[in-house]
Amino acid sequence: MNKNSVNYQEKVKMPKASIGLNCFYYECAYAPGSILFPLHWHEHIELIYIVQGWLDVETEKKKIRYEAGDVAVINPGHLHEGDHFAPDTKLYCLMVDMNLFRSRFVETSEEEFINPLTEGKILFRSKISGDRSLNTLIETCHAIYSGEEEAFQFRLKAIIFELVYKLFHDYVESNEAAPQKQFVSITRERVNVILKYVDEHYTEKIKLEDLVDVVHINKYYICKIFQQCTGKTLLNHVNALRVQKAIDLLVNTNDSVTNIAFAVGFTDINYFSRTFKIVTGASPSEVRKKYCKQ
């Protein structure tokens, strides 16, 4: 979710991989289009602290508006997207690799807290409002992460552990889907495979028959479970992903709109233009013009 790339991912790239986290400050005025980040999931826990403005985040088909002072908590493995935001929105984003809390030794903290969290047995509250101490911890993480302080890694890890302790202590909510976990787990695994396939083949013509060969279930059931887990039809997701990839090319290359449309998998320029307008609220040329001015 930075100025030069569109954030669609399953595996988070860590700028400082040895630390196991990424933390950055972002001003949404730099975001082309109306979608801040498209539908995706990852194994990390993610916290988005809204400093100014507002942001709509849809997680597991539930849309919540986060305003100044709120923190959005994205649990590991949950599908989410940021589809609307105020142009003046400013935020901090913190993404933490759960392996940061693992040890070569078997620890009760890992067995009782980290494993259940990554397995979906423990869920943190999606929206946290008015907790200034939590906001300060996120701001402190960013300051330490961005600085050059000697041995900053130790202080940063201490802050992260304090932050996660606070989440476990104050903001755990019950997982009502626990009795159906086996079904949900299998379904989610299949949907994750579909998402990965689409991400790798979005430039090609994607047919349901291809997905049948990948997940080995009936094509009608594929459509059903995908919409159950994401709240979107498979076609809408594919189009939204292609549009996000097109935005990346529009703002970072001088290629023509027609060439970009074909490059991201559209075969009809008129259909591309209509779809682009539906997803972003603007035309491709308007997005390119707006971004170039910024």
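Heavy atoms only: backbone and side chains are in, while hydrogens, waters and symmetry mates are out.
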Is Tyr271 linked to Ile269 within one hydrophobic cluster, defined over Ile, Leu, Val, Met, Phe, Trp and Tyr using a side-chain heavy-atom separation of less than 4.5 Å?
-> yes
Which atom names give the shortest non-hydrogen contact between Gly53 and Asp88, and what distance separates them?
-> CA-OD1, 3.9 Å
Answer with yes or no whether the side chains of Ser285 and Ser283 bring together a donor and an acceptor at under 3.5 Å.
-> yes
Verify the cluster assignment for Ile50 and Trp54: are they in a single hydrophobic cluster under the rule of side-chain heavy atoms below 4.5 Å apart?
-> no
Side chains of Tyr197 and Val215 in contact at under 4.5 Å (non-hydrogen atoms) | no
Co-membership, hydrophobic cluster, residues Ile160 and Tyr171, 4.5 Å side-chain = yes
Can you list the steps and then say if Glu162 with Thr140 is a side chain to side chain contact (heavy atoms under 4.5 Å, CB included)?
-> CA-CA 12 Å; Glu162 182 178 352; Thr140 303; over 6 Å; no
Counting only N and O atoms by type, is there a donor-acceptor contact under 3.5 Å from the side chain of Glu43 to the main-chain atoms of Met98?
-> no
Checking salt bridge (charged side-chain N to carboxylate O under 4.0 Å, His left out) against Asp56, which of Lys63, Lys127, Arg65 comes through?
-> Arg65
Would you call the rings of His44 and His42 parallel, tilted or perpendicular, where under 30° means parallel and over 60° means perpendicular?
-> perpendicular
Smallest heavy-atom separation, Cys23 atom then Cys141 atom, equals SG-C, 4.1 Å
Worked verdict on Phe272 versus Thr258 for side chain to side chain contact (heavy atoms under 4.5 Å, CB included) = CA-CA 9 Å; Phe272 166 71; Thr258 299; over 6 Å; no
With rounding to the nearest 0.5 Å, note down the distance linking CZ in Arg125 to CG in Leu167.
-> 10.5 Å
Crowding at CD, Glu200 (>12 non-hydrogen neighbours, <6.0 Å) = yes
Could you grab the distance from atom NE2 of His142 to atom CD1 of Ile159, nearest 0.5 Å is fine?
-> 14.5 Å
Using a 4.5 Å cut-off on heavy atoms from C-beta on, say whether the side chain of Tyr49 contacts that of Glu139.
-> yes
Distance (rounded to the nearest 0.5 Å) between Leu241 CG and Asn236 CG = 12.5 Å
d(Ser126 OG, Asn75 CG) to nearest 0.5 Å is 6.5 Å
Using a cut-off of 6.0 Å, state whether more than 12 heavy atoms not belonging to Tyr25 lie near its atom OH.
-> yes
For residues Thr280 and Glu286, determine if any side-chain heavy atom of one lies less than 4.5 Å from a side-chain heavy atom of the other.
-> no
Count the heavy atoms belonging to other residues, nucleotides or ligands that lie under 6.0 Å from NZ of Lys61, then report whether that count exceeds 12.
-> yes
Which value, rounded to the nearest 0.5 Å, describes the distance between Tyr221 atom OH and Leu208 atom CG?
-> 15.0 Å
Is it true that atom CG of Asp213 has more than 12 heavy atoms of other residues, nucleotides or ligands lying nearer than 6.0 Å?
-> yes
With no hydrogens and no angle check, is any side-chain donor or acceptor of Asn252 less than 3.5 Å from a backbone partner on Asp248?
-> yes
Do the charged groups of Lys232 and Glu81 touch, with an N to O distance under 4.0 Å?
-> yes
Looking at the rings of Phe168 and Phe124, which for Trp means the six-membered one, are their centres under 6.0 Å apart?
-> yes
If two hydrophobic side chains count as joined below 4.5 Å and joins carry through other members, does Tyr202 share a cluster with Trp41?
-> yes
With ring-ring contact (aromatic ring centres under 6.0 Å, His included) as the test, would you mind laying out the steps for Phe24 and Tyr145 before giving the verdict?
-> CA-CA 9 Å; Phe24 57 88; Tyr145 185 83; 9.1 Å; no
Exam field: side chain His80 to backbone His78, donor-acceptor pair closer than 3.5 Å = yes
Indicate yes or no: at least one non-hydrogen side-chain atom of Arg288 is less than 4.5 angstrom from one of Ile260.
-> yes
How about Phe161 and Phe101: are their ring centres within less than 6.0 Å of each other?
-> yes
Where do Val214 and Ile194 land on the side chain to side chain contact (heavy atoms under 4.5 Å, CB included) test, with the steps shown first?
-> CA-CA 8 Å; Val214 173; Ile194 294 170; over 6 Å; no
State, with a plain yes or no, whether a side-chain heavy atom of Leu211 is found less than 4.5 Å away from one of Leu234.
-> yes
Are any non-hydrogen side-chain atoms of Ile247 and Gln244 less than 4.5 angstrom apart?
-> yes
Pairwise distance CG(Leu47) to CG(Leu91) - rounded to 0.5 angstrom = 12.0 Å
Closest contact, heavy atoms only, Leu55 versus Gly82 | CD1-CA, 4.3 Å
Contact summary for Gln227 and Thr233, nearest pair of heavy atoms = OE1-CG2, 3.9 Å
Nearest non-hydrogen partners of Ala246 and Phe276, listed with the distance | CB-CE1, 4.4 Å
Hey, are the side chains of Val164 and Leu100 touching, using non-hydrogen atoms and a 4.5 Å cut-off?
-> no
Same cluster (ILVMFWY, side-chain, under 4.5 Å), Ile278 and Val257 = no
Thr253 (side chain) donor-acceptor with Leu250 (main chain) under 3.5 angstrom | no
Kindly determine whether Glu119 and Lys121 satisfy salt bridge (Lys or Arg N to Asp or Glu O under 4.0 Å), including the steps that lead there.
-> CA-CA 6 Å; Glu119 293 168 3; Lys121 296 177 181 178; 3.3 Å; yes
Quick one: does Asn239's side chain get under 4.5 Å of Phe266's, heavy atoms only?
-> yes
Heavy-atom count around Tyr165 OH within 6.0 Å, excluding the residue itself: above 12?
-> no
Nearest atoms (heavy-atom pairs only) where Asp268 meets Phe262 | N-CE2, 4.3 Å
Can Ile225 and Ile217 be said to form a side chain to side chain contact (heavy atoms under 4.5 Å, CB included), step by step?
-> CA-CA 10 Å; Ile225 65 170; Ile217 58 175; 3.7 Å; yes
Short question: side chain of Glu60, backbone of Leu79 - any donor-acceptor pair under 3.5 Å?
-> yes
